[in-house]
Amino acid sequence: GRTVLTDEKWLSFVVEQVLSNALKYTPAGGRIRIYGDGETVVIADSGIGIREEDLPRVFEKGFTGYNGREDRLSLCRRVMDRLNHGISIVSRPGQGTLVRLDLSRGNRVVE
């Protein structure tokens, strides 16, 4: 196991948001995997995916993609920025989405 300095409450919030998205956009019989990759937490699903042109905008507040995905990803990005962690998304329509939560950078104290 790995130990990472972070804010458990806020990191849990982000993981829950990403997971609820994965569940919402993965049809019955699909797969959702959560695994560690070094100091990164990866949440991968076999859902409907996000179009390439939508990917850069998924972290914008109020963004809704072609699949009606008005997620809370903009909020996740703000929380991760505040924790000084990274969040990134790779996706292929029809194949699924992979969200990486990079915890390698230190947690800075936010007053």
Side-chain angles (χ1 to χ4, degrees):
R2 268 223 144 81
T3 307
V4 173
L5 181 65
T6 188
D7 183 306
E8 185 184 3
K9 185 183 75 179
W10 282 109
L11 186 63
S12 300
F13 168 82
V14 171
V15 170
E16 279 169 31
Q17 298 305 317
V18 174
L19 263 181
S20 79
N21 268 358
L23 286 164
K24 195 173 5 170
Y25 298 109
T26 301
R31 293 190 336 147
I32 296 173
R33 296 193 309 137
I34 304 174
Y35 57 93
D37 176 12
E39 293 182 13
T40 300
V41 175
V42 181
I43 300 169
D45 69 56
S46 63
I48 60 176
I50 305 167
R51 291 189 305 193
E52 193 178 349
E53 61 265 36
D54 287 342
L55 267 179
R57 298 168 56 212
V58 295
F59 292 116
E60 289 174 12
K61 192 167 164 47
F63 172 71
T64 308
Y66 75 107
N67 53 25
R69 201 188 257 261
E70 206 288 297
D71 344 282
R72 315 238 174 83
L73 287 175
S74 67
L75 190 52
C76 290
R77 157 63 59 85
R78 291 213 309 274
V79 169
M80 293 298 275
D81 283 351
R82 186 157 285 195
L83 294 174
N84 209 21
H85 297 324
I87 180 170
S88 59
I89 294 187
V90 185
S91 187
R92 288 210 176 84
Q95 291 180 37
T97 301
L98 192 137
V99 179
R100 300 178 67 90
L101 307 176
D102 178 5
L103 311 180
S104 62
R105 298 185 306 231
N107 179 21
R108 49 168 196 243
V109 177
V110 180
E111 295 300 323

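Computed from a predicted structure; not experimentally measured. The figures here come from the full heavy-atom set of this structure, side chains too, leaving out hydrogens, waters and symmetry mates.
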Engineer: side-chain contact (heavy atoms from CB on, under 4.5 Å), that's the test. Do T40 and V42 meet it? Break it down for me.
Structural biologist: CA-CA 6 Å; T40 300; V42 181; 4.1 Å; yes
Engineer: Enter the distance from R77:CZ to K61:NZ here, rounded to the nearest 0.5 Å.
Structural biologist: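 Nearest 0.5 Å value for the CZ-NZ distance: 15.0 Å.
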Engineer: Could you walk me through whether L75 and R78 pass the side-chain contact (heavy atoms from CB on, under 4.5 Å) check?
Structural biologist: CA-CA 5 Å; L75 190 52; R78 291 213 309 274; 3.3 Å; yes
Engineer: With rounding to the nearest 0.5 angstrom, report the CG to CG distance, L11 to L103.
Structural biologist: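 The CG atom of L103 is 5.5 Å from CG of L11, to the nearest 0.5 Å.
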Engineer: Taking V15 as the starting point, is it possible to reach L98 by hopping between hydrophobic residues whose side chains are less than 4.5 Å apart?
Structural biologist: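 The answer is no; the residues belong to distinct hydrophobic clusters.
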Engineer: I'd like to know if I32 and V90 are part of one continuous hydrophobic network [Ile/Leu/Val/Met/Phe/Trp/Tyr, side-chain heavy atoms within less than 4.5 Å].
Structural biologist: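 No, V90 and I32 fall in different hydrophobic clusters.
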Engineer: Would you say S74 and E60 make side-chain contact, with heavy atoms under 4.5 Å?
Structural biologist: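 No; the side chains remain at least 4.5 Å from each other.
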Engineer: Evaluate the side-chain proximity of V79 to F13: yes if any heavy-atom separation is below 4.5 Å, no if none is.
Structural biologist: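 In contact.
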Engineer: Following the transitive rule for hydrophobic clusters with a side-chain heavy-atom cut-off under 4.5 Å over Ile, Leu, Val, Met, Phe, Trp and Tyr, establish whether L23 and I50 coincide in one cluster.
Structural biologist: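 Yes: a chain of side-chain contacts under 4.5 Å links L23 to I50.
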Engineer: If every non-hydrogen atom of S91 is compared with every non-hydrogen atom of G96, which pair is closest and at what distance?
Structural biologist: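 Closest pair (atom of S91, atom of G96, distance): OG-O, 3.0 Å.
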Engineer: To the closest 0.5 Å, what do you measure between CZ (F59) and CD1 (I87)?
Structural biologist: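 Reported to 0.5 Å precision, the distance equals 4.5 Å.
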Engineer: What are the two closest non-hydrogen atoms of P27 and S46, and how far apart are they?
Structural biologist: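 Taking P27 first and S46 second, the nearest heavy atoms are CD-O, 4.4 Å.
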Engineer: Within a reach of under 6.0 Å around CD of E52, are more than 12 heavy atoms found that belong to other residues, nucleotides or ligands?
Structural biologist: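 No, the 6.0 Å shell around CD holds no more than 12 heavy atoms from other groups.
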Engineer: Shortest non-hydrogen contact from R57 to E53?
Structural biologist: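 So the minimum-distance heavy-atom pair works out to CD-O, 4.3 Å.
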Engineer: One thing to verify: whether R100 and D37 come together as a salt bridge, which I'm taking to mean a side-chain N less than 4.0 angstrom from a carboxylate O.
Structural biologist: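 A salt bridge links D37 with R100.
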Engineer: Side chains of D102 and M80, heavy atoms from C-beta outward: is any pair under 4.5 Å?
Structural biologist: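 Of all side-chain heavy-atom pairs linking M80 with D102, none is under 4.5 Å.
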